[in-house]
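Please read the structure below before turning to the comments.
What you are looking at is a predicted structure, and each value in this text was computed from that prediction instead of being measured. Lettering follows sequence order; numbering is per chain, from 1.
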Amino acid sequence: MNFDYSDEQKALKDQARRFLSDVSPLAVARKVLEAPSPGFDATLWTRIGEQGWCGAAIPEAYGGFEFGHVELCALAEELGRALAPVPFASSVYQFSEALLHAGSEAQKLNLLPGIASGERIGTLAFSEGPGVLSAGRISTRYSNGALTGTKLPVTDGGIAHHGIVLALGDAGPDLFLVDFSGNGVTRQAVSTIDPTRGAASITFQNTPAEPLGSAGKGSGSGLEQLRRIHDRTAILLAFEQVGGADRVLEMARDYALERYAFGRQIGSYQAIKHKLADIFVKNEVARANAYYGAWALASNAPELPVAAAAARVAASEAYWFACRENIQTHGGIGFTWEADCHLFYRRARHLGLVIGAQRDWKRRLADRLVRRVAQENAQRSEA
Amino acid sequence: MNFDYSDEQKALKDQARRFLSDVSPLAVARKVLEAPSPGFDATLWTRIGEQGWCGAAIPEAYGGFEFGHVELCALAEELGRALAPVPFASSVYQFSEALLHAGSEAQKLNLLPGIASGERIGTLAFSEGPGVLSAGRISTRYSNGALTGTKLPVTDGGIAHHGIVLALGDAGPDLFLVDFSGNGVTRQAVSTIDPTRGAASITFQNTPAEPLGSAGKGSGSGLEQLRRIHDRTAILLAFEQVGGADRVLEMARDYALERYAFGRQIGSYQAIKHKLADIFVKNEVARANAYYGAWALASNAPELPVAAAAARVAASEAYWFACRENIQTHGGIGFTWEADCHLFYRRARHLGLVIGAQRDWKRRLADRLVRRVAQENAQRSEA
Amino acid sequence: MNFEDSPEEARYRTTVRHWIADNAPDMSGLGAEQRRNWHPGHKEIARRWQATKADAGYACISWPKDRGGAGGTAIEEAIFNQEEVRAGVQFTYFMTGLHMLLPALLEHNQDALALNRVPPAVRGDEIWCQLFSEPASGSDSAGIRCTAVRDGDDWVISGQKVWNSGAHVADYGMLLARTDPGLPKHKGLTVFWLDMKTPGLEVRPIRVMSGESELNEVFLEEVRIPDSQRVGEVNDGWKVVISTLMNERAALGSGTGLSWRDMIALAGQTPSWEGSVMEDPAFREWLADYYVNVEAIRLLSFRTLTSLSKGEAPGPASSAGKLLWSNKTQEMTDQALDIQDHFGLLDGADLAVLDGAFQHRFLWSPGLRLGGGTDEIMKNIIAERILGLPGDIRVDKNVPFREIPHGR
Amino acid sequence: MNFEDSPEEARYRTTVRHWIADNAPDMSGLGAEQRRNWHPGHKEIARRWQATKADAGYACISWPKDRGGAGGTAIEEAIFNQEEVRAGVQFTYFMTGLHMLLPALLEHNQDALALNRVPPAVRGDEIWCQLFSEPASGSDSAGIRCTAVRDGDDWVISGQKVWNSGAHVADYGMLLARTDPGLPKHKGLTVFWLDMKTPGLEVRPIRVMSGESELNEVFLEEVRIPDSQRVGEVNDGWKVVISTLMNERAALGSGTGLSWRDMIALAGQTPSWEGSVMEDPAFREWLADYYVNVEAIRLLSFRTLTSLSKGEAPGPASSAGKLLWSNKTQEMTDQALDIQDHFGLLDGADLAVLDGAFQHRFLWSPGLRLGGGTDEIMKNIIAERILGLPGDIRVDKNVPFREIPHGR
């Protein structure tokens with residue numbers, strides 16, 4: 001029983017925090033906000049790549065550095081804290097996890113080394129329009145080795161070298177691997193509520209593609225596969241969210257100590273004290289569920305599906321609440337473009353939507369809880 | 001445009017408040033709590049009957065006093081404030097409104113005079129088990145002029161002289177008028193979370209009954225009819241809830257001024273100030289929606305269904321929140337049996353469930369809003 | 001209880017509805033850009049509409065006729081406002097001047113200098129702005145540091161103001177300055193009015209997080225104005241501030257912006273697991289909660305109308321409506337993004353749902369909870385002025401302003 | 001991150017699980033009435049189980065052996081507690097004495113008189129209760145008015161205590177009294193221990209709103225006890241109070257009571273418009289929210305365990321778990337009643353769903369938000385002790401106790 005990072009993990013996390021406070025102050029995110037094209041900071045991305053972080057959970061056999069998944073969670077927490085404007089989430093939590101989980105040996109050997117070094121960027125393209133994803137709402141098609149259709153929005157779609165695309169194949173929805181720099185790919189930057197995380201609309205026109213996985217052909221289970229990949233993404237994103245929420249709480253706390261009203265620090269008023277205590281409690285809930293998710297991810301425990309959905313629901317709520325009430329704590333100044341509050345407010349909502357909204361994940365969680373109880377009951381009646 | 005009671009209505013309301021503070025102090029409700037049988041205070045009920053309040057919305061032709069429906073709302077607000085342990089809601093907001101809305105001329109002439117004077121008590125019996133009411137879950141049957149089955153819980157079922165019972169007739173669910181003091185009626189008091197509002201389980205065994213309404217036979221629309229009756233009940237109950245919520249806010253405010261902690265009135269702490277402000281805002285929301293409901297009820301406006309559901313949703317939320325946070329404001333003393341806080345806490349939850357729970361009314365409200373928008377759109381495209 | 005017009009009200013409404021239909025400016029030719037507040041084209045249309053109203057006696061309906069009003073009732077003014085909203089021709093440029101500042105000015109100064117400012121303001125030829133707030137005086141609105149020092153017949157004003165809505169287009173401003181820092185906070189303040197082109201005064205727009213720049217900072221460096229532009233007594237400026245607030249009327253019927261109807265429309269066109277989001281019971285429960293709260297805002301504005309029609313001043317209860325509106329708007333936009341799912345990220349007018357209206361409002365909603373009194377100030381007002389609870393413990397009471405503790 | 005036992009922990013767990021299975025009292029013969037806390041039959045079983053544990057070295061696992069403990073680790077004690085809960089044989093009678101009061105007593109007094117009280121307490125033969133709170137000192141826990149006046153070798157104590165859990169069955173109590181009202185609030189207090197049968201002491205049960213009477217008022221009228229029963233120094237009692245709180249351990253693994261699993265069971269058996277409530281998307285969304293919060297309580301208790309296993313004291317962060325547990329329990333019971341609809345009113349064991357367990361918990365839940373520190377105190381602790389925000393402004397600091405303003 002150990003509800004904490006190990007000493008080595010803590011050392012890694014501390015080192016990551018020092019590194020990021022050096023190379024990724026908020027000015028870097030703001031630079032991307034002010035000039036949204038290409039939607040990330042290339043210098044910062046290079047520096048992060050040099051640290052080997054992109055390969056933290058990739059085995060050495062595929063060019064990775066095999067720190068482990070809990071170590072990746074620790075890095076995610078720091079990247080979230082730093083609000084780093086880089087495609088780490090798309091390339092590592094989504095693309096790399098997808099390959100590790102569902103790629104063929106050849107696909108892993110071929111693509112993971114570039115991802116691990118940070119030289120190549122990958123992402124997932126699944127959405128096409130408003131509302132939750134379902135099989136009936138995918139119109140991108142795959143046949144005879146080629147994709148045709150439009151995906152929108154695709155986070156980091158404008159800069160990714162590779163993508164995994166959800167499309168209708170012969171057997172139904174499946175995931176397909178595509179070289180985004182190849183023929184038949186048209187990319188158009190799109191404006192989103194968080195310009196520090198660039199996104200694109202991508203149109204495929206007879207674009208060469210191959211099914212993800214060793215079977216070499218689709219099985220029609222692309223939606224279920226995507227969900228399993230996103231369970232892993234959800235846990236890693238939860239750490240970004242927890243890191244961001246913690247930093248936002250610190251911002252609010254610092255401002256509450258610094259700002260005076262009626263001759264007193266505003267942090268001496270219970271309205272502010274209890275607001276910040278509420279943020280703290282939600283952050284604790286998010287952290288507890290995220291830690292449990294980290295353990296499930298690293299040990300590939302049967303609890304993973306429940307833990308992942310719980311981590312996501314708790315972290316999305318906590319980060320959004322913290323950002324909202326941080327602006328409120330700051331008062332008028334917190335509403336200005338110059339203040340940093342809105343960078344987090346935007347990012348919180350970006351992270352809360354990028355792999356599906358709260359209503360979707362809450363239902364997944366409820367479904368999985370009901371299934372777990374049914375299993376427990378079945379086991380009990382067997383015994 | 002007049003968002004207020006008229007001067008005459010205010011005078012009636014003031015007089016009612018003075019009367020009730022005299023004849024129905026909280027000691028009367030507490031007496032019923034401590035000795036729950038028969039579940040009401042008979043002396044108080046007689047006094048209220050003498051005031052003519054039971055016939056406030058009953059036309060003179062049926063023995064009523066025809067004050068009007070807004071006047072009845074004003075009385076309901078005061079009865080709610082006083083936490084009067086009497087069957088007014090069952091007899092007036094349910095039974096009398098049901099007869100007025102759906103009874104035959106003969107039924108009105110026969111029964112309303114007794115209700116108006118308070119000499120007779122009526123109630124509605126519709127539930128049979130846990131969960132929302134639906135046609136498939138009614139097992140009480142009506143055939144050949146007689147009812148058989150069990151209704152549970154029936155508020156004031158132990159003391160009512162007459163009842164309107166939801167049962168399956170030849171055409172489907174319908175409402176039937178029953179003399180509860182007649183043959184084939186077995187009543188058993190049941191324990192509920194609010195002993196100041198007695199309830200019973202009622203078993204019918206070949207009990208003589210007649211369909212409610214002039215047709216003289218059922219049409220299978222009993223559930224829709226019940227819903228229309230309960231729309232009217234909902235508005236009247238909303239005033240009881242608003243009256244109770246206001247009083248509870250006053251209790252909390254008074255205690256916050258009286259109680260000291262750390263050498264200060266606890267009402268000087270923002271945690272308490274803002275909690276009470278939150279109660280105030282919810283009470284205002286409840287009052288606004290209730291007033292709109294009163295107007296719709298009195299003028300039989302097409303807005304009635306939306307206004308009724310909105311009044312109920314807002315008032316149930318406000319009263320429950322106020323009672324919950326009133327105990328919290330009182331601290332330990334508020335949790336004791338001797339303190340009056342729990343009388344309101346119990347009543348708030350009683351009122352919130354007695355004609356169906358929040359989830360049921362919220363969906364009714366949403367359904368009606370969607371329908372209203374569809375009508376508006378249709379009118380616009382016609383024009 | 002009556003939520004319909006009285007016969008006289010209905011007659012007045014019919015009259016003004018027809019007049020507005022016949023006279024309202026045609027805005028159909030304007031592009032999306034030109035329809036935005038503070039756009040020169042938009043402002044020019046507003047100015048012309050205000051002049052049209054003034055000519056017909058509809059500019060300041062409840063003002064006495066000798067001040068350029070129509071000598072009408074508050075309820076008539078409210079009905080006219082509602083009909084303007086209905087016709088899509090309500091403009092905010094003149095509200096601060098006509099509803100808050102000029103009435104306070106005229107309450108304290110009735111010299112020719114002041115009276116001359118009235119006709120052009122009523123016609124919309126001159127716009128006024130408020131210069132009260134400062135960086136260090138947010139919720140603590142009397143914590144003013146901008147100083148005015150007497151110099152012969154003049155005052156010399158130096159300091160900084162902030163959150164000045166429309167200052168970049170305003171012709172005149174009303175300013176609050178500290179004239180004696182040795183007195184307690186509320187005691188040493190004085191109010192002045194001044195031409196926004198007075199030398200030494202500089203306006204710098206503030207960009208807010210949703211991108212707009214209609215708020216400003218105003219810097220004053222030895223701005224010299226004559227004593228004749230003082231409003232009220234020296235060191236008695238707080239009384240004038242209170243006058244401006246008393247004249248502030250709840251913006252009746254200004255239920256513009258996204259509403260529950262827009263949420264129903266959005267949900268109806270957004271696909272869900274089965275059918276549209278509108279068919280999702282969880283969304284329906286949310287909608288019901290949202291509706292009862294925003295409907296209460298509409299209904300509570302009728303209470304203000306009822307008070308006005310009885311000649312009573314609207315009370316502090318309007319704080320409840322302010323709290324509800326700002327908090328529920330933020331909650332609604334969050335829900336709107338959530339039901340759009342991943343696609344809710346898009347905010348460009350080209351691709352986003354409803355041209356990104358919900359996304360824009362999402363980024364703008366935090367300001368609602370701050371401007372015009374924060375949530376926390378509103379709750380204090382309710383607790384203290386309605387419920388009679390004690391004020392917060394004040395360490396700055398009866399202390400010379402210069403000795404009150406303060407942060408950066 | 002590891003949410004499983006280490007190999008040593010797993011071995012210890014297996015050992016104690018077997019031992020408990022072999023030795024736990026058989027409660028199957030008890031009626032519902034006799035299973036209730038404080039019922040004499042229930043209490044007698046608890047006493048015998050405590051003696052059995054003491055004989056086997058499982059009574060106070062982490063205490064040193066010379067005090068009747070097993071000299072084990074905090075984590076072993078926590079594992080044993082979890083296994084007791086799992087086997088349904090955890091009792092609360094001895095917790096106050098063994099986890100809070102006796103450790104503090106022994107920290108300050110190690111004379112024979114005090115040491116003699118240890119063995120019978122460890123075996124469950126003597127029960128202790130806390131006599132700290134008073135009617136006027138709720139959240140303001142040092143606002144003690146009960147006085148102790150020195151009279152020769154004795155102290156004479158008069159006053160009233162309240163919220164004394166188990167005082168009606170306790171053998172000994174630890175009491176906080178004011179020995180110098182001329183000193184500031186925290187300074188003039190002294191702690192004593194005494195036999196609950198001492199003349200002049202009277203216990204009166206308090207009935208709470210859910211019907212139970214396990215809390216009490218204790219009246220003291222010139223209760224005379226020797227100075228040898230003083231704990232710590234005169235006027236230094238607040239230090240002893242802090243000692244008792246430091247010894248209070250978060251009740252690990254005591255996740256008894258209704259949980260999300262019970263809500264799933266209830267929803268699954270409750271009919272809805274279509275199928276059961278469990279199939280209702282709105283309920284499912286609620287369940288997800290509820291789950292992440294109550295699951296966090298469970299997971300956060302592992303953090304306490306982790307701290308204990310490293311020899312660290314659990315910090316103020318346990319306030320978060322307390323806030324979550326009390327608020328979510330109230331919310332859950334409200335939801336349980338709502339999904340039962342009208343039928344949710346029934347609370348009798350004969351007819352109500354699940355014997356009325358949800359209804360009873362509904363009436364009991366308000367107490368959770370008050371006992372052991374109110375919501376408001378918990379949030380202050382988080383804000384001040386974790387986030388480092390300033391304390392509330394204190395008008396009672398450095399003021400003689402007798403001059404502090406107070407209400408009735």
Could you check whether any side-chain heavy atom of [X] comes within less than 4.5 Å of a side-chain heavy atom of [Y], counting everything from C-beta outward?
{"X": "D:L337", "Y": "B:L353", "value": "yes"}
{"X": "D:D338", "Y": "B:R349", "value": "yes"}
{"X": "D:M209", "Y": "B:T336", "value": "no"}
{"X": "D:W273", "Y": "B:D360", "value": "yes"}
{"X": "B:R363", "Y": "D:D280", "value": "yes"}
{"X": "D:F343", "Y": "B:E128", "value": "no"}
{"X": "B:R137", "Y": "D:P271", "value": "yes"}

### Task
Give, as side chain, backbone, both or neither, the part of B:L257 having an atom under 4.5 angstrom from any heavy atom of chain D.
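Looking at B:L257, nothing touches chain D.
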### Region of B:K362 that comes under 4.5 Å of a non-hydrogen atom in chain D
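For B:K362, there is no contact with chain D at all, as no heavy atom is under 4.5 Å.
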[X] versus chain B, the contacting section by heavy-atom distance below 4.5 Å:
{"X": "D:T270", "value": "side chain"}
{"X": "D:I206", "value": "side chain"}
{"X": "D:S137", "value": "backbone"}
{"X": "D:W163", "value": "side chain"}

Closest contact, heavy atoms only, [X] versus [Y]:
{"X": "B:R259", "Y": "D:G138", "result": "NH2-N, 3.4 Å"}
{"X": "B:Y345", "Y": "D:S365", "result": "OH-OG, 3.7 Å"}
{"X": "B:Q328", "Y": "D:E376", "result": "NE2-OE1, 2.9 Å"}

### Task
Tell me, please, which residues at least two apart from B:F335 pass ring-ring contact (aromatic ring centres under 6.0 Å, His included).
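Counting only residues at least two positions away or on another chain, B:F335 forms no ring-ring contact (aromatic ring centres under 6.0 Å, His included).
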### Task
Kindly check if the number of other-residue, nucleotide or ligand heavy atoms within 6.0 Å of CD (B:E34) is above 12?
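Count over threshold, so yes.
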### Query
Does CD in B:E224 sit with more than 12 non-hydrogen atoms of other residues, nucleotides or ligands closer than 6.0 Å?
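Correct, the count exceeds 12.
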When heavy-atom pairs shorter than 4.5 Å are enumerated against chain D, which of [options] gives the highest number?
{"options": "B:G136, B:A271, B:G332", "value": "B:G332"}
{"options": "B:A261, B:S134, B:G263", "value": "B:G263"}
{"options": "B:V190, B:V354, B:I333, B:I355", "value": "B:V354"}

Give the member of [options] that has the highest number of heavy-atom pairs under 4.5 Å with chain B.
{"options": "D:D334, D:I393, D:L363, D:D375", "result": "D:D334"}
{"options": "D:K379, D:R369, D:Q359, D:H360", "result": "D:R369"}
{"options": "D:E403, D:H342, D:Q340", "result": "D:H342"}
{"options": "D:I404, D:V277, D:L215, D:V162", "result": "D:V277"}
{"options": "D:G143, D:G356, D:A142, D:S272", "result": "D:S272"}

#### Entry: side chain to side chain contact (heavy atoms under 4.5 Å, CB included) evaluation trace for D:V208 with B:H342
CA-CA 9 Å; D:V208 296; B:H342 72 114; over 6 Å; no
### Task
Identify the residues of residues 346-355 of chain D whose heavy atoms come closer than 4.5 Å to a heavy atom of chain B, ordered by number, or report 'none'.
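When heavy atoms of chain B are the reference, residues 346-355 of chain D contributes D:L346, D:D347, D:G348, D:L351, D:V353 within the under-4.5 Å range.
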### Task
Select all residues of residues 394-402 of chain D having any heavy atom within less than 4.5 Å of some heavy atom of chain B, and report them by number, or 'none'.
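Result: D:R394, D:V395, D:D396.
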### Query
By number, which residues in residues 318-327 of chain B have some heavy atom less than 4.5 Å away from chain D?
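Those residues of residues 318-327 of chain B which have a heavy atom under 4.5 Å from chain D are B:W320, B:R324, B:E325, B:I327.
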### Query
Under the 3.5 angstrom rule, does the side chain of D:D341 hit a backbone N or O of B:V132 as a donor-acceptor pair?
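No, the answer is negative, given that no donor and acceptor are paired below the 3.5 Å cut-off.
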